[in-house]
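The structure appears right after this line, and notes come after that.
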Amino acid sequence: MKEMLTWQQVIAQQWYLTKFCFKNAPGFMAFHLFESIKLQVSIFFEFTWTTNYILTVAEEGGDFRKILWCMGILMAAIAVSTVTFAIYKHYVFPRGRQTLYQALRMEIYEKAKEIDLSCYDDKDFYENFILATEETDRCLDRFLVFENSMIARSVGIVCTTVYCAYINPMALLVMVVVLPLELFCAAQENKKTVAARMERLAHEQKREYGNRVFYLSDYAGELRLYPQMKDRCRNDYAEENRKIEAVNKKYGKQLFAYSLLREGVLVRVAKEGAIWTLILYQMLVLRVLTGAQLVTSRSCVWRASSNIRLVINSFRTVAENSAYIYRIRDFLQMEPTITSQKGEEVPEGSGSLAVEHVDFGYLSGQQVLRDVTLAVKPGQKIALVGYNGSGKTTLVKLLLRLYDPDAGRICYHGKDIKDYQVMAYRRSIGSVFQDFKIYAATLKENVLMDVEDGSREENYRVEEALYDAHFTLEDNRLSYQIKTPLTTEFEKDGVNLSGGEAQKVAIARTLYRKQNMIIMDEPSSALDPLAEYRLNQELNEIAKDKTVIFISHRLSTVRDADCIYMMEKGRIVETGTHEELLGRNGKYAAMWKIQAGLYADAFG
Ligand code: ADP
């Protein structure tokens with residue numbers, strides 16, 4: 001969040017959030033605004049208007065009944081106000097706030113679902129997105145506190161200045177004279193505080209990284225084995241702290257000077273001195289002011305100027321908050337570029353797949369795939385092999401339309417995949433990725449990856465998919481069978497699966513859907529060689545009629561493929577069956593020879 005917004009942008013962000021809140025929780029917002037305004041109006045009546053009224057009555061001879069009536073009305077108003085505030089605080093506010101949190105998060109989640117994956121490769125987008133979404137709740141909190149308080153305080157300023165203009169307009173002059181100076185100092189102070197904050201931000205982010213390394217369990221095991229890394233992080237943390245301290249020191253003196261000038265000199269000396277001199281002179285020398293008017297005009301000036309000060313102080317927070325809102329809106333306004341050109345349905349049954357002269361790079365100028373061409377007939381088993389970084393996973397991502405090629409095209413059932421409805425096309429292909437995730441949900445939900453209908457048929461199909469993926473449901477830990485919660489994040493009796501078990505769940509996801517084409521990116525890399533061999537035999541049987549595209553490092557698992565494509569530096573360098581490629585004695589054969597020794601013992 002490097003840049004600050006112009007004041008027009010700040011207003012636009014406030015207006016956006018105001019509309020958003022009123023649209024999603026109108027009752028709550030009306031109550032919220034009412035309570036904020038009520039507070040200022042009641043302060044005005046209780047401390048300014050009533051005091052003036054009682055003192056005036058006292059000065060005019062003191063009709064006690066009038067004062068009693070006034071106090072009675074005041075007490076009744078206070079009682080009603082206390083009740084409405086309690087309702088607001090304990091019922092309305094907690095619920096309304098949750099409603100708004102949820103409404104904004106839902107919009108963000110919906111957008112995140114459709115946004116191009118390529119956005120996540122853009123470092124700036126990703127940083128801003130993370131920052132903004134992490135701030136969503138706090139953003140709303142700050143809005144509710146400051147923005148509404150600004151409105152309420154403005155009402156307070158209007159009440160007191162109008163009343164002061166009525167009682168003693170001269171007293172307002174003091175405020176008007178001192179105000180520009182006060183505004184100038186506050187603006188300078190705000191500017192310096194923001195500048196200091198911006199300078200600290202990069203160091204704070206680095207310090208936070210060091211902090212994360214200490215508390216996240218992901219790092220705990222490794223840091224015990226490599227404790228020196230811990231020392232390095234600790235030193236980095238201390239270093240960043242020193243830099244933050246230096247920034248604080250750099251700005252400290254200037255901030256101290258401005259706040260002393262504003263708080264001390266202007267308020268205490270200039271304003272207080274001037275107002276007392278004026279009203280005492282009006283009362284004692286000119287004799288144009290009564291005692292009641294003296295007290296009231298002093299109170300009005302004090303209240304109005306303290307409200308003005310609070311509004312000015314809020315500007316900084318409001319401006320900062322607007323910068324976060326701006327990021328959130330920026331994200332919500334993004335449109336996906338991976339869309340359907342013709343919105344066509346994907347035809348039923350197995351279809352041919354053709355990749356034609358495809359070029360692709362994640363970042364401009366960095367080509368990852370070069371002139372890739374391959375053809376897959378329905379029901380064929382295709383293997384993509386090659387060393388790390390040769391572009392196999394990237395090609396799979398293009399096949400699933402997670403990215404679009406920079407040049408060339410991909411056709412399924414004879415049509416460019418861009419013609420099909422995006423989600424329908426993706427759903428028509430089963431895929432298992434290396435970096436699949438297990439969710440904090442039941443085993444069944446982890447296979448289903450959808451809302452359950454709870455039918456017996458559904459349970460049966462989930463069990464069948466797990467069985468086909470060689471997942472053992474007889475495990476003692478699975479106390480609730482497919483209803484067993486996975487991960488221990490929320491459930492004490494949840495089960496943490498091993499890498500191999502988790503991989504079988506990921507495979508079951510694909511088998512459950514019974515799609516006609518399956519893409520597997522290193523689906524069995526976490527299994528031991530024998531388990532992998534057995535699973536592959538089984539998968540070949542299950543996927544007999546399906547088209548399968550298979551990526552593997554272990555060439556022993558791909559030798560039965562109908563066609564093997566060997567990739568290197570983003571190009572397909574060799575094509576053929578296992579025997580053909582061995583006979584060619586090229587790169588595939590060289591890779592095979594290296595691995596053959598490793599697997600010879602296991603497979604004879
Ligand atoms: P393989 O699956 O063959 O190991 P990948 O397709 O994962 O290879 O990667 C091919 C190249 O693309 C590598 O150089 C990798 O660093 C790069 N790459 C992969 N993902 C991204 C990404 N999201 N952003 C930028 N470069 C990437």
Side-chain angles (χ1 to χ4, degrees), residues 112-130 331 334 336-338 353 355-374 376 381-408 410 417 426 429-437 499 503 506-507 510 517-527 532 536 548-559 561 563-575 581 586-588 590-592 594-595 598:
K113 251 181 9 193
E114 64 177 35
I115 209 77
D116 294 347
L117 206 58
S118 56
C119 292
Y120 291 81
D121 301 325
D122 177 347
K123 185 175 160 287
D124 286 344
F125 160 82
Y126 197 57
E127 271 182 5
N128 286 336
F129 170 50
I130 296 284
F331 175 73
M334 286 183 81
T337 58
I338 297 192
L353 179 79
V355 177
E356 299 170 2
H357 306 290
V358 161
D359 291 341
F360 175 75
Y362 291 97
L363 310 167
S364 64
Q366 288 182 8
Q367 232 179 343
V368 173
L369 295 180
R370 295 175 176 86
D371 196 22
V372 172
T373 296
L374 57 89
V376 187
K381 311 287 177 278
I382 295 294
L384 297 174
V385 300
Y387 292 102
N388 281 341
S390 55
K392 304 179 297 293
T393 302
T394 305
L395 179 55
V396 165
K397 286 181 186 164
L398 262 64
L399 291 180
L400 287 164
R401 244 202 127 194
L402 294 173
Y403 294 85
D404 276 339
D406 298 333
I410 300 172
I417 59 173
R426 285 181 189 153
I429 302 173
S431 55
V432 184
F433 273 102
Q434 293 168 47
D435 54 354
F436 64 85
K437 297 279 178 272
Q503 212 156 32
I507 292 169
T510 308
M517 178 150 68
I518 299 180
I519 299 180
M520 299 210 178
D521 187 354
E522 304 268 5
S524 45
S525 57
L527 305 186
E532 183 185 36
N536 284 337
V548 179
I549 298 175
F550 203 81
I551 296 184
S552 184
H553 273 96
R554 297 183 193 167
L555 300 188
S556 56
T557 61
V558 302
R559 58 188 293 179
C563 188
I564 299 169
Y565 291 87
M566 170 94 185
M567 293 190 72
E568 193 181 66
K569 293 185 184 151
R571 287 183 194 280
I572 291 175
V573 288
E574 285 178 16
T575 313
L581 291 175
K587 299 198 165 163
Y588 179 85
M591 201 173 171
W592 171 259
I594 296 167
Q595 292 190 2
L598 300 172

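All ligand and atom numbering here is 1-based and tracks the order in the structure. Owing to the predicted nature of the structure, the values given are computational and were not obtained by experimental measurement.
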Practice prompt. Looking only at non-hydrogen atoms, find the nearest pair between D371 and D359 and report the distance.
Written response: N-OD1, 2.6 Å
Worksheet item: V376 and I382: which non-hydrogen atoms are nearest, and at how many Å?
Response: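 So the two residues come closest at CG1-CG1, 3.5 Å.
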Worksheet item: Short N/O distance, under 3.5 Å, between S390 and ligand 1?
Response: yes
Practice prompt. Could you tell me whether some N/O pair between K397 and ligand 1 is separated by less than 3.5 angstrom?
Written response: no
Quick check on contacts: which atoms of ligand 1 are under 4.0 angstrom from a heavy atom of [X]?
X: G391; result: 1 (P), 3 (O), 6 (O), 8 (O), 10 (C)
X: T394; result: 5 (P), 6 (O), 9 (O), 10 (C)
X: N388; result: 4 (O)
X: V368; result: 10 (C), 11 (C), 12 (O)

Discussion item. If you define the side chain from C-beta out and look only at heavy atoms, does anything of R426 sit under 4.5 Å from I338?
Written reply: yes
Worksheet item: Do the side chain of T575 and the main chain of Y565 share a donor and acceptor less than 3.5 angstrom apart?
Response: no
Discussion item. When you measure from the side chain of E574 to the backbone of K587, do you find a donor-acceptor pair of N or O atoms at a distance under 3.5 Å?
Written reply: yes
Item to complete: Give me the ring orientation class for F360 and Y362: parallel if the planes are under 30° apart, tilted from 30 to 60°, perpendicular past 60°.
Response: perpendicular
Worksheet item: Which one of V432, T510, L399 satisfies the side-chain contact (heavy atoms from CB on, under 4.5 Å) criterion with I519?
Response: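 Between I519 and the candidates, side-chain contact (heavy atoms from CB on, under 4.5 Å) is satisfied uniquely by L399.
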Worksheet item: From atom 1 (P) of ligand 1, is the closest protein heavy-atom distance below 4.0 Å?
Response: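 At least one protein heavy atom is under 4.0 Å away.
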Discussion item. Which residues pass the side-chain hydrogen bond (donor to acceptor under 3.5 Å, both in side chains) test with Y387, not counting sequence neighbours?
Written reply: none
Students should be able to answer this: which protein heavy-atom is nearest to [atom], and at what distance?
atom: atom 14 (O) of ligand 1; result: G389 O, 4.2 Å
atom: atom 7 (O) of ligand 1; result: T393 CB, 3.7 Å
atom: atom 23 (N) of ligand 1; result: D121 OD1, 2.8 Å

Discussion item. As a check for students: among Y362, Y403, F360, identify the option with a heavy atom nearest to atom 19 (C) of ligand 1.
Written reply: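 Residue with the shortest heavy-atom distance to the ligand atom: Y362.
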